[in-house]
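A short write-up of the structure that comes next.
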Protein chains: 2
Amino acid sequence: MIFNQHFEYLLKKHQLKRTEQRLRVLSLLSGKKVATSQPDLESVIGDVDRVTLYRILSAFEEKGIIHKVFDLNGTANYALCSDNCDEHDHHDEHLHFNCTSCKNVYCLDELDMPPIVLPAGFKLEKLSFSATGLCPKCINKES
Amino acid sequence: MIFNQHFEYLLKKHQLKRTEQRLRVLSLLSGKKVATSQPDLESVIGDVDRVTLYRILSAFEEKGIIHKVFDLNGTANYALCSDNCDEHDHHDEHLHFNCTSCKNVYCLDELDMPPIVLPAGFKLEKLSFSATGLCPKCINKES
DNA sequence: TTAAGTGCAAAATCTTTGCAAATGT
DNA sequence: ACATTTGCAAAGATTTTGCACTTAA
């Protein structure tokens with residue numbers, strides 16, 4: 001869990017006004033170790049207009065505060081970026097694990113990603129890895 | 001380019017009727033080495049209803065004839081599976097390369113994917129790798 | 001005070017569903 | 001002939017846009 005103070009710093013840093021709605025989004029995202037979809041956010045965030053949520057998420061993404069990752073159904077899920085992201089330089093090259101049972105998307109930052117060599121002629125900018133399977137919680141439920 | 005005869009075999013194999021519309025989809029997909037989005041298909045396929053296209057694509061995906069991969073914008077792109085796919089066992093664990101300029105999605109089957117070790121507790125079912133950057137065609141255009 | 005942000009209504013997209021007519025086997 | 005598949009119309013869902021009101025700085 002990250003402090004409110006840090007959220008305010010984040011907003012100021014990116015010249016975004018400190019609003020109740022934005023703080024709630026940041027607080028919700030920081031509370032989860034998994035990426036959260038727009039509909040999920042909407043259902044728990046309470047009294048924030050759907051359109052506002054869209055706009056907050058896309059503003060945050062542009063500024064590099066959060067990153068977007070698509071799950072198995074192609075719906076966007078959002079997670080806080082590590083601190084050293086900005087609009088020009090996203091670092092979300094960790095593995096995203098999609099649980100087929102609970103549908104959660106885990107950001108596994110701690111894993112080292114292997115180097116990938118592309119065929120000649122391709123210029124690599126960004127790599128992303130994603131895995132599908134069962135998360136620890138759902139494995140336990142099954143057995 | 002694959003032969004029409006092969007498409008008919010594919011359809012029969014999966015108990016799908018040999019229709020003009022389905023053959024056209026197969027032929028278009030086989031003609032490209034890149035995955036194609038639903039809107040792109042729609043624009044070149046000619047006189048096939050949008051709804052029919054949706055249904056064809058989802059039927060093909062269920063049967064394991066094509067696989068779906070999401071591009072940078074979260075829109076679904078489709079590509080023919082290698083021959084040994086079926087509904088229970090998809091093999092599309094190759095790297096997908098997304099060109100930021102022409103938006104094409106390349107299926108780079110020939111690359112070996114490195115093994116990934118997940119944290120304890122996660123059960124891996126499927127891995128997928130995707131890369132972003134410039135494809136050979138677009139690099140040449142730039143310089 | 002004033003530029004940015006929010007909420008509401010409405011438009012524009014995208015995707016799915018129901019059903020009658022057409023088509024493949 | 002009969003089950004599938006298609007096209008059209010219409011419903012649902014998702015996302016975007018415009019604009020007046022509100023709010024943080």
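Proteins come first, then strands; the chains are lettered A, B, ... in the order of their sequence lines, and each starts at number 1. Both backbone and side-chain heavy atoms feed into the values below; hydrogens, waters and symmetry mates do not.
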N77(A) CG to dT14(D) P, in whole Å, measures 14 Å
Taken in chain and number order and not counting sequence neighbours, the residues that satisfy side-chain contact (heavy atoms from CB on, under 4.5 Å) with T36(A) are L29(A), K32(A), D40(A), L41(A)
Footprint ends on DNA chain C, 5' to 3', for atoms under 4.0 angstrom from a heavy atom of chain B, come out as dC14(C) to dT25(C)
Ordered by number, residues from residues 40-47 of chain B within less than 4.0 Å of DNA chain D (heavy atoms) are D47(B)
Value for CD1 (I45(B)) from CD1 (I56(B)), rounded to nearest 0.5 Å, stands at 6.5 Å
Quick note, salt bridge (Lys or Arg N to Asp or Glu O under 4.0 Å) partners involving residues 14-26 of chain B, not counting sequence neighbours, are E8(B)-R18(B), E20(B)-R24(B)
Terminal axes of the helix from dT1(C)-dA25(D) to dT25(C)-dA1(D) (5 end pairs apiece), angle rounded to 10 degrees, sit apart by 40°
Between L16(A) and I65(A), is any pair of side-chain heavy atoms under 4.5 Å apart?
-> yes
D71(B) meets the side chain to side chain donor-acceptor pair (under 3.5 Å) criterion, sequence neighbours left out, with T75(B)
* Return the orientation label for the F97(A) and Y106(A) ring planes: parallel under 30°, perpendicular over 60°, tilted otherwise. => perpendicular
Residues passing the side-chain contact (heavy atoms from CB on, under 4.5 Å) test with A76(A), sequence neighbours excluded, are K68(A), F70(A), Y78(A)
>> Within the structure provided, determine whether L11(A) and L26(A) are in side-chain contact (heavy-atom separation under 4.5 Å).
In response: yes
Checklist line | Side-chain heavy-atom pair L118(B), L95(A) within 4.5 angstrom cut-off | finding: yes
In numerical order, the residues of residues 15-26 of chain A whose heavy atoms come under 4.0 Å of DNA chain D are K17(A), R18(A)
Within residues 51-58 of chain A, the residues having a heavy atom closer than 4.0 Å to DNA chain C are V51(A), T52(A), R55(A), I56(A)
Residues passing the side chain to side chain donor-acceptor pair (under 3.5 Å) test with T52(A), sequence neighbours excluded, are none
- Quick one: does S128(A)'s side chain get under 4.5 Å of F129(B)'s, heavy atoms only? no
With sequence neighbours left out, the residues meeting side-chain contact (heavy atoms from CB on, under 4.5 Å) with P119(B) are L108(A), E110(A), L111(A), F122(B)
Across all chains, not counting sequence neighbours, the side-chain contact (heavy atoms from CB on, under 4.5 Å) partners of R55(A) are V51(A)
